[in-house]
Structures are given as C-alpha cells and as structure tokens.
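Heads up: the structure comes next, in structure tokens.
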Amino acid sequence: MRRVLTSAVALATISTGVHAGGIERSTGSLAVLFEEGNYAELSFGSVDPSVSGSFVGTPSGDMAASFTNLGVAYKTALSDQLDLALIIDQPYGVNVDYPSGTGYAFAGSTATVNSTGVTAALRYDLGNQFSVLGGLRAVTTSGEVVVDNTEIGGDYYFMDTSSETDFGYVLGVAYEKPEIALRVGLTYTSEITHDFDADEVATYDTTFSTTLPQSLTLDAQSGIAANTLLFGSVRWVDWSEFDISPTIFDASTGASLVDYDDDVVTYTIGLGRKINDTWSAAVSLSHEAAGGETVGNLGPTDGNTSLGLGATYTKDNMKISGGLRYVWIGDAETVIRTGFPNSEFTDNTALGLGFKVGFSF
C-alpha cells in the first residue's frame, strides 16, 4: 500500500499548475512531511495552455504562453516525533502574450508574474495518531504588464514592479491510521501582502499593495480494498480579496488591472492502485465551478474540469513519478471597453506534464 500512496500523492500534486484558480501554480503542499525518515525530491512541470477568443468576429489568437514550474523539497527526521521540511516552489505566475497584428482589441498586450516561495515547516507527532504542522512561508514576487488597447481607439499602458519578499505562515493538523492507509489533513495558509514600487507609463514612480490570498485545504486518503486507495481534496482560496490596482491605471480607468469576483473552490477525487512491487498508478478528476461573471482580459477563463493520470516506479530508495493532466477550461466573457460588446472565449484547453524524483536516505 505504501507504493500506492506515493503514486496517489504524485498524481494529486504533480502538474497542479495546469490551470488553477486565479494565478496559482502550486498549492504549497506539506505532503513531504509524511515521508518516512530522511527524504529529498525534485519536481518539474510543463504546461501548454491554449486560450483564444474573439471580439465581434475578430479572433484574439492564442494568448496563453506555455510555462514550466520547478520545485525542490527536503525532509529530515529530527527525532521520533519531530520532522522538519524545507520546500521551494513557484506558487504564482502569469504568462500572457496576445499575438500582434490580429486586429483584436488587445493585440500585442503582454503580462508576466514570477514568484518563488520558500516554506520551512515542522510536523510534531502527538502520539495518538494525531499530528500538528506549522511553519513560515516567504514569497518573492514581481511582474510587468503591457496593455495595448489602441486597436479600438484606446490607450497604451505599461507597468513594471519591484521584486518584493514578504512573509506568511502555514498551520495544519492530521490524523493517520496506517493499517488502512488512512490520512486526513487540514492545512491553512495565511495571506501575504506585497507593497510594490512600480514604474507606470514611463514617467511615474508609484506604489500599490497586492494581497496573495489565504487558503484552506482538506486532504483525505484511505485504503478501500486490497492494494487500492481512494483519495481526494477540497481546497478553498480567497481569490475575491485579490486585486492589482496600480495607481495610474486605477486613476485613469477607475478599474483594477486584475481582480476576481469570486473565491475558488477546487474539488479532487481519485483512485490509486498497486500493480506490483515496482509499479503503481492512479487517476484523478478535479473541478472548479465557473463564477459566471465577466473576467479580465489578462485571464479570460472561468472555472475548469481536469482529468489526470499518473504512475510511480519504485526501486530501492528511489521513486520516480510522472503525471499527465488534461484540462477543459471554462468559457468566459471579458469587457473590452465601456459601450462595446464583450469578447467571448470558448472551447479552450490545457495539457500539463510533470515529473518527480524522490530519494529516501
């Protein structure tokens, strides 16, 4: 059952940035704290989204660029009851690139957000099948954007931010019953607020604040038959509190550059199966409901449903996991400009591929 567990965890966590809510690309999972003894892993993900729409018959072209995600995690047992983990990931990101020359309202517009997260967390075994988890989390974030609305008589705007590092925390509790491979965990991640310096439209040095949202995740897994594991999660992220409103952009438009009307809840359920002493595999299904509101032109999607497949190969102290996730991205409408019809983005998809290599020692 141990190998089934590792396969299920690999599938549930690998390629999670295929198309999560908001700008999230990594959930910051603390699952590494449940590895036995000392353990280290390296993960890699590659995501190829295809997102396009049209405005009064003029196509936008594919505006979502491909991206990669890297992660490193190390866990050590400090004692029989206390474990320490260090996790490095890329929790948030944006890669927007509207093709130029299409005649679309935002042709030539681009946006990037880059981030690095570092989490140091402890897990203490209370001795009654319960454990508590907690730690500090630092996130470094920067971004730049070009909004080109001149195709329909609008303005040209650009902004480049400073790179800011700020801190939050994670707290959690877990219950385990190893004889049936049962584990239930609840993890809270606090919000983190960045105060950015920004260069807007070349001549202005401005400041603005953006809050990376808090989240709450319920994970569960349990053996349901010989060599078979059922797993799932419910994850809530407070995206309705997220807002990017640079000073000049806000003053000139009265609107946010990026914001979200609704929080995002992601549901995942899956099955893992031990094939033999070396191989295990798993399948999972995830869903984020559409909010139904108009969305921003830098993120023209609304909800998604995804199907994931994964496998783990285990040999001595090494395990190699791989996963594929295919995403059906929810249809969305964006507001082009006051008095203009909305644009429509439909029938979009994404494909994610991920690998993870772990060593116990």
Side-chain angles (χ1 to χ4, degrees), residues 15-26 44-53 60-71 88-102 104-118 138-150 155-166 192 194-202 204-213 239 242-250 253 255-260 295-301 329 332 334 345 348 350 352:
S15 301
T16 52
V18 172
H19 209 276
I23 62 171
E24 188 173 57
R25 289 185 175 173
S26 170
F44 168 82
S46 178
V47 180
D48 184 17
S50 177
V51 180
S52 62
S60 69
D62 187 0
M63 50 72 63
S66 301
F67 63 90
T68 59
N69 239 27
L70 297 174
I88 302 173
D89 62 356
Q90 296 173 298
Y92 305 101
V94 171
N95 287 76
V96 171
D97 188 6
Y98 280 95
S100 299
T102 62
Y104 183 73
F106 285 88
S109 296
T110 63
T112 59
V113 171
N114 297 304
S115 71
T116 300
V118 180
V139 176
T140 301
T141 309
S142 63
E144 59 182 57
V145 62
V146 173
V147 178
D148 190 348
N149 203 209
T150 56
D155 298 321
Y156 181 88
Y157 167 87
F158 69 88
M159 183 267 293
D160 186 14
T161 76
S162 57
S163 179
E164 299 295 332
T165 300
D166 291 284
I192 294 177
H194 290 311
D195 294 320
F196 288 108
D197 296 320
D199 294 326
E200 293 187 80
V201 291
Y204 295 94
D205 294 326
T206 61
T207 61
F208 69 96
S209 296
T210 294
T211 297
L212 303 175
W239 282 110
F242 180 78
D243 183 273
I244 299 178
S245 295
T247 305
I248 303 304
F249 188 88
D250 185 27
T253 67
S256 299
L257 186 61
V258 180
D259 66 346
Y260 301 101
V295 298
N297 291 282
L298 299 183
T301 65
I329 298 172
T334 76
F345 286 75
N348 292 309

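When side chains are defined from C-beta on, Asn69 does not count as touching Val47, because their heavy atoms never get closer than 4.5 Å. The closest side-chain heavy-atom distance from Asp195 to Glu164 is not below 4.5 Å. Proximity of Phe249 to Val201: side-chain heavy atoms (C-beta onward) are nowhere separated by under 4.5 Å. The side-chain heavy atoms of Thr110 and Val96, taken from C-beta on, include no pair separated by under 4.5 Å. Counting heavy atoms from C-beta on, the side chains of Phe345 and Thr334 come closer than 4.5 Å. Side-chain contact between Ser163 and Thr140: present, with at least one pair of heavy atoms (C-beta onward) separated by less than 4.5 Å. Here the side chains of Phe67 and Arg25 are in contact, with some heavy-atom distance below 4.5 Å. Under the 4.5 Å side-chain criterion, counting only non-hydrogen atoms from C-beta, Val94 is not in contact with Leu298.
The main-chain N or O of Ala105 is found under 3.5 Å from a side-chain atom of Asn149 such that the two form a donor-acceptor pair. The backbone N or O of Ala255 sits less than 3.5 Å from a side-chain atom of Thr253, completing a donor-acceptor pair.
Taking all atoms of both residues into account, the shortest heavy-atom contact from Asn95 to Ser66 is ND2-O, 4.3 Å. Nearest approach of Ala111 to Val145, heavy atoms of both residues: CB-CG2, 3.8 Å. The two atoms that bring Val51 and Asp62 nearest to each other are N-OD1, 3.0 Å, heavy atoms only. Of all the heavy atoms in Leu70 and Gln90, the pair that sits closest is N-OE1, 2.7 Å. The minimum heavy-atom distance between Pro49 and Ala350, with the atom names listed, is CA-CB, 3.7 Å. Closest approach of Ser100 and Ala107 over heavy atoms only: CA-CB, 4.4 Å.
Legend: residues meeting side-chain contact (heavy atoms from CB on, under 4.5 Å) with Asp250, ordered by chain and number and at least two apart, are Ser245. The ring-ring contact (aromatic ring centres under 6.0 Å, His included) check on Tyr260 picks up Trp239, Phe242, with sequence neighbours excluded. Among residues two or more places apart in sequence or in another chain, the side-chain hydrogen bond (donor to acceptor under 3.5 Å, both in side chains) test is passed with Glu200 by Tyr157, Thr206. Take Ser115 and apply the side-chain contact (heavy atoms from CB on, under 4.5 Å) test, not counting sequence neighbours, and it matches Pro91, Tyr92, Val139, Thr141. Applying the side-chain hydrogen bond (donor to acceptor under 3.5 Å, both in side chains) test to Asp199 and every residue at least two apart in sequence or in another chain returns nothing. Taking the side-chain hydrogen bond (donor to acceptor under 3.5 Å, both in side chains) definition, one finds that Thr150 meets it with Asp148, sequence neighbours left out. Under the side-chain contact (heavy atoms from CB on, under 4.5 Å) criterion, Ser52 pairs with Ser60, Asn348, not counting sequence neighbours. The side-chain contact (heavy atoms from CB on, under 4.5 Å) search around Thr211 returns Glu191, Thr193, not counting sequence neighbours. For Asp89, the side-chain hydrogen bond (donor to acceptor under 3.5 Å, both in side chains) test picks out Ser26, with sequence neighbours left out.
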Derivation and outcome, side-chain hydrogen bond (donor to acceptor under 3.5 Å, both in side chains), residues Asp197 and Thr207:
CA-CA 5 Å; Asp197 296 320; Thr207 61; 5.6 Å; no
Verdict with reasoning, Asp243 to Ser256, per side chain to side chain contact (heavy atoms under 4.5 Å, CB included)
CA-CA 7 Å; Asp243 183 273; Ser256 299; 2.5 Å; yes
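Interatomic distance, CG of Leu257 versus CE of Met159, reported as 5.5 Å (0.5 Å rounding). With values rounded to the nearest 0.5 angstrom, Thr68 atom OG1 is found 12.0 Å from Asp48 atom CG.
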